[in-house]
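Numbers for residues simply follow the sequence, beginning at 1.
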Amino acid sequence: MSVEKMTKVEESFQRAMGLKKMVDRWRNSHTHCLWQMTLGQRRNPYATLRMQDTMVQELALAKKQLLMVRQAALHQLFEKEHQQYQQELNQMGKAFYIERF
């Protein structure tokens with residue numbers, strides 16, 4: 001074989017080895033990434049359950065708080081309407097009947 005052919009063969013061999021190393025690195029990093037993902041899933045099932053339980057409790061408390069806020073707003077609306085009706089009746093010379101004890 002001539003020197004030129006030997007050089008070309010060596011260059012193509014070096015290129016092939018470089019590509020093989022690159023593929024091996026990619027395969028290793030891909031395997032490591034998959035391992036990390038499954039490790040997180042296997043390691044934290046109880047943490048996930050605790051987090052779900054906490055979320056359920058927070059949603060229940062948020063619903064209670066929203067209900068209380070709505071009730072307070074409704075109560076204010078009724079009070080405002082009651083005062084408005086009372087003012088209208090006063091202008092007409094009338095009033096609500098209020099039983100005294």
> Does the side chain of H82 come within less than 4.5 Å of Q86's, by heavy atoms?
Replying inline: yes
> At what distance, to the nearest 0.5 angstrom, does CD of E58 lie from CG of D53?
Replying inline: 10.0 Å
> In Å and rounded to the nearest 0.5 Å, what is the CZ to OG distance from R15 to S12?
Replying inline: 6.5 Å
>> Are the side chains of K80 and Q84 in contact, using a 4.5 Å heavy-atom criterion?
In response: no
>> Do the side chains of R27 and D24 get close enough for a salt bridge, i.e. N-O under 4.0 angstrom?
In response: yes
>> Restricting to side-chain hydrogen bond (donor to acceptor under 3.5 Å, both in side chains), what partner residues turn up for K21, sequence neighbours left out?
In response: none
>> As an exercise, state the distance from CG of L61 to CD of Q57, rounded to the nearest 0.5 Å.
In response: 7.5 Å
> So N28 and R25, side-chain contact (heavy atoms from CB on, under 4.5 Å) or not? Walk me through it.
Replying inline: CA-CA 5 Å; N28 287 340; R25 281 194 308 264; 5.7 Å; no
>> Working to the nearest 0.5 angstrom, can you tell me the gap between M68 CE and Q65 CD?
In response: 7.5 Å
> How long is the span from the OH atom in Y85 to the NZ atom in K94, to the nearest 0.5 Å?
Replying inline: 15.0 Å
>> Membership question, hydrophobic clusters at under 4.5 Å side-chain separation (ILVMFWY): are L59 and L66 in the same one?
In response: no
> Which value, rounded to the nearest 0.5 Å, describes the distance between Q83 atom CD and N90 atom CG?
Replying inline: 11.5 Å
